[in-house]
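Note sheet for the following structure.
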Amino acid sequence: MVSIPLEERMRTVRFKVDDRPHIVVNAAVCNNCSVRACVYVCPANLFVPLDDGGILFNYEECFECGTCYIACNQEGAIQWSYPRGGYGVTFREA
Amino acid sequence: MRIAVCLKQVPDPATVEVDPLTAALDTRRLLYIASPADTAALEVALQLAGAEGHVSALCVGPPAADAVLRLALAAGATEARRLWTPFLPLQAPAQTALLLAAWLQRGEAPDLVLCGTRSSDQGSGQLPALLAEFLEWPVVCDVTQITLEGDLARVQRRLDRGAREELEVRLPAVLAVEAGIARLRHASLTGLMRAERAAIPVSELDDLGLEPADLAFPAATTRMVTPPRPRTRPIFTPDSTRPAHERITQIITAGVTRKSGKVLEGPPDQMAEVVVEFLRERGFV
Amino acid sequence: MAFLSKEASLALVQRVHRLIGIKNGSTPHGAPQPRRQRSAPRPGAEHFDVIVVGAGPAGSAAALVAARAGLKVLLLERGEYPGSKNVSGAAFYGSAILNELIPNWWEQAPVERYLTRRVLAFMTAETSVAIDFRTTRFAEPPYNGFSILRPKFDRWFADQAVAAGAFLLNAAVVDEVLWEDDQVVGVRVRRDEGDLRADVVIACDGANSFLAKNAGLQREFHAHEMSLGVKEVLELDEGAIRERFHLHDNDGLAIEYIGAITEEVSGGGFLYTNRDSLSLGVIGQISSLAEHRRRPYELLETFKRHPSVAPLVRGGRVREYSAHVIPEAGWNMLPKLYTGGMLVAGDAAALCFVAGLYLEGINYAIQSGMAAGEAAVAAHQERDFSARSLARYVERLRARHVLTDFASYRHAPGLVNSPRLQNLYPELIAAGAEQVFRVNGGPKRKLLPIALDTLRRANISPVHVLQDAWQAGRSFGW
C-alpha cells in the first residue's frame, strides 16, 4: 500500500538519539501563542498542543530541517540548534 | 593498569528491515554501530584506567569494522588493533575468541579484559566465557559495577528478577558488562581528529601464530533447540454471583500462581542431584 | 576557460556589481544582522589553510578545488557521513559543470538515471495538463541531468575531495566562527578542545545558514522566503518503472507539478525516477503551510492520491521519508557573500533556484563551491585573506553565471508564489483544455472565445491576466 500512516513512515528513518535535546521550547511563550504554526508545519509531527495551553515537543525523531523555528513568529519560543556531532537523523537514500 | 576492550561491529537495529514477503534482510539498507554493551565496556575501561592507564581496543572484523576502533580511539583508547582472517566463518564466537586470545597472549598481557556481556545482533553471549577459557582466566558475565582494589576486582553482577550478586575476582580476568551501565563519552575534537588520522594495524592468522586449521572447531558446537510451545492457560472467569469489586479482585489475583524460586543448601553433589531431578520431572532432560 | 586580464576582470566585476547592486559584497535586500559576541580561538588550535564547513555538493567542490591546489584542507561534516543529513528531489542538472572537475564523473559516481524526459504538469483536483519534453540529445555524454540519491552521491563526492588530499572529519558540528579583529580566523566545533584555525573558512552549512548568520553576513529568514519539502523514496521494480514511464534502459524522467497538488498552499510537487525507486514529494511555502494549517505529510498523501499521480506510484513500498527546507526567495535573500577570512557558498548562500520551470540547487552549489575554492586558492597565492582579496569570489561567481542567473530572475519567486499563478491559472488551463477536448454535440468553438469564457467564469479580468503576463515576461522572458 502506498499510503501509510505517519508513524509507519517515520519508522523508515534512522535516528541516533542523543541524551540531550537539541531543541528547547519555552512553554511560557507558547502559552501566550495563538498561532501555533509549529504544530502544523513540522514534517515529523513533533509538536503536540497540550490541554493546559502549552506545547509538548519531542526532539528524538527530528529531521533537523529548521521549519519550526522559521515558522515560529514568537521571538524566543524555540531555541534551535543542530544535535551534537554524529547524533540525530541519518538518511540512507533520502 | 592495562585494560583490553573487545568491540564488535553490529548492524544498528533501527536499520534492520525485513521484506514482508520473502523475510529476507535488506543488507543494502543496514548501517553499522558498535554493539552497545561493548561501548559500555569501553567507557568503563576508560574510567578504570584513568589518565595514566593503557586501554587497547580490539575488534575482530573486516576492514569496515575499523569504524568501531576509531570510535574507541576518539574516546581516548591508547591503541587499537583489528584482527581478521577471510577464513572466519559467520557467527563464530569460538573462532573470534581464539583470535582475541591469541593476540592477547602474544604481547604484554593486560591486567583486565572487558567486553560486552552479549552483542546486540547474535547475542549468544558465548564470547566472554570462550575467551576466558582460552586465556585460562576467570570470567564474570552480566557485570553491572566494577571497583578495583589492587589485583582484586569487586564486581556486581545482575541475576534474574532484579537480584544482584557481589563477587571478588583476582586479576587478570575477563569481565563482561551489561549494556546499560555506562554511556560512552562524547569525544573531544582532538580525539576525533587523532582517531581519523590513525592507521589501524591489522593482524591476520600468521601474525597470531595460527593456521586456518586451528579455526576448524567441531561443526556441532551449538545445537538449535526449539523451545516447547507454552501451555495454553485457561482464561480465568470470575464468579458472576459475586459483587463487582470482588470479581475485579478475583481477576487481578485469582487463577494465577506466582512463580517462585527455591534456594538449595548442602554439599554440591546432593544439590546437583536435586537440580537434575527437578529438570527430569519437568521434562527438560 | 581562459580568465581575463586583471584590469579587465576588475572592470567587469565593477560593472556586474553596479548591475546587480552589490556594494562591498552586500546585497540590496539582505540587511546583515547586528554584530554578535565574537570569540578568538584558544591557543594551540590546529591550523588549516582552508576549513570547509559542510560536506554537501558546495563543500566538497570547494574542498576538492582547494586540495588539488595543494592546500591543507579540512572538510567538516556534522553527520555520520557526508550526505547523511542531506535531502533534495533529487534531480542534478549540473553534469557539465561537474565534468569540469571530474571528467566522465558519471562513470564512477552513484547516479540513478540520466534525465531525458521532463514534464511540467498543471493540476487541478481532477485534471492535469502537461508539457512533455523529451529528447535523445540528453542521453549523450555529458548528459543534461541525472536523478540521484543524496546520501550516496554526496558521500561519493566528498570521497573525491578526500582523494585529492582534503581531510574529512565527520560528526563535527560547527556553531560559530572565530575572530581576530575584523577577520574570521577559524571555527569552533561543538566538542571539547573544539577550536580550529584557518586562513579561509568556507561556510557550506546548508539552507539554515547558521554560520553566515553567526558571522553577521545573513539575517534571519521570513517564513515566506523558505519552503519545506517532504519526500518519499518508493521502491518499485526496475521493469515497472521503464514500462510505466516509457523509458529505455537507464534514461529517466522528472515531473514538476504546479497547481492544486498542494491545495491552497503555495508550492508544488515533483516526481523523479531512480533506478529501482521513485523519489516524489511536495514543497510548500512555510508561511503558507502555517496560514492554511496544512500538515506537510497530509499534502504528500493528497498528492499521491491525485488521479494523475496514483497510477504512477501504485504498488510502491515506502523506503524512506525525509524533509528539508529550501531557500526560495532567490536574489532577495542572498547574504553578504564574503568577509575577511570567510566565504559563503551553496544553500548557505541561498543559491537555490526555485522558479516554477526551474528547481535547481545542486548545480549552483557546486559552481559556488568551485568559485569559493578558487578564491581561497588565489588568496593563498597572495597570502592576503582580507575581505578585499576574497571579493574575487563574487567575480568567480559572475564568471560562472551564478549571480547573473539570480539577478536576472529576481522577480520570479514573487510571481511563482502568487495565488493566481499557484492555483488560478492551472485551474484555467485545465478548464480551457477540457472545453477544447470535450465532445458533447454542441458547436465547436474557437480558442479565444473559450479563453475569454473561462476567464469570465473564474471572475478574472483580462487586465489582470495581461498584468501577470507582463510579470511573467519580466521574470522569465526578457
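Note on naming: letters A, B, ... go to the chains in the order of the sequence lines (proteins, then strands), and numbering restarts at 1 for each one.
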Pair [X] + [Y], salt bridge at N-O below 4.0 Å:
X	Y	answer
Glu301(C)	Arg9(A)	yes
Glu93(A)	Arg150(C)	no
Arg14(A)	Glu80(C)	yes

Which answer fits [X], side chain, backbone, both or neither, if we ask what part of it has an atom under 4.5 Å from a heavy atom of chain A?
X	answer
Arg78(C)	both
Arg155(C)	neither
Phe153(C)	neither
Asp175(C)	neither
Ser279(C)	neither

Counting heavy-atom pairs under 4.5 Å to chain A, which of [options] comes out on top?
options	result
Asn86(C), Asn170(C), Leu149(C)	Leu149(C)
Ala323(C), Gly281(C), Ser227(C)	Ala323(C)
His324(C), Arg293(C), Arg295(C)	Arg293(C)

* Any side-chain heavy atom of Leu289(C) within less than 4.5 Å of one from Tyr40(A)? ->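 Heavy-atom side-chain distance check fails, nothing below 4.5 Å.
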
Any donor-acceptor pair under 3.5 Å linking the side chain of [X] with the backbone of [Y]?
X	Y	answer
Ser84(C)	Phe91(A)	no
Lys85(C)	Thr90(A)	no
Arg92(A)	Glu320(C)	no

* Under the salt bridge (charged side-chain N to carboxylate O under 4.0 Å, His left out) rule, what pairs show up with a residue in residues 265-278 of chain C, not counting sequence neighbours? ->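 Matches after skipping sequence neighbours: Arg28(B)-Asp276(C), Glu238(C)-Arg275(C), Asp276(C)-Arg319(C).
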
* What pairs of residues pass the salt bridge (charged side-chain N to carboxylate O under 4.0 Å, His left out) test when at least one of them lies in residues 81-91 of chain A, not counting sequence neighbours? ->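 Pairs touching residues 81-91 of chain A that pass the test: Asp18(A)-Arg84(A), Asp19(A)-Arg84(A).
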
Does any backbone or side-chain atom of [X] lie under 4.5 Å from a heavy atom of chain C? Answer side chain, backbone, both or neither.
X	answer
Leu6(A)	side chain
Tyr87(A)	backbone
Cys38(A)	neither
Val39(A)	both

* Asked: What distance separates Leu228(C) CG from Ile70(A) CD1, expressed to the nearest 0.5 Å?
  ->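 Going from the CG atom of Leu228(C) to the CD1 atom of Ile70(A) covers 9.0 Å.
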
* With chain C, which of Ala71(A), Gly66(A), Gly86(A), Ala37(A) has the greatest number of heavy-atom pairs at distances under 4.5 Å? ->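 That would be Gly86(A).
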
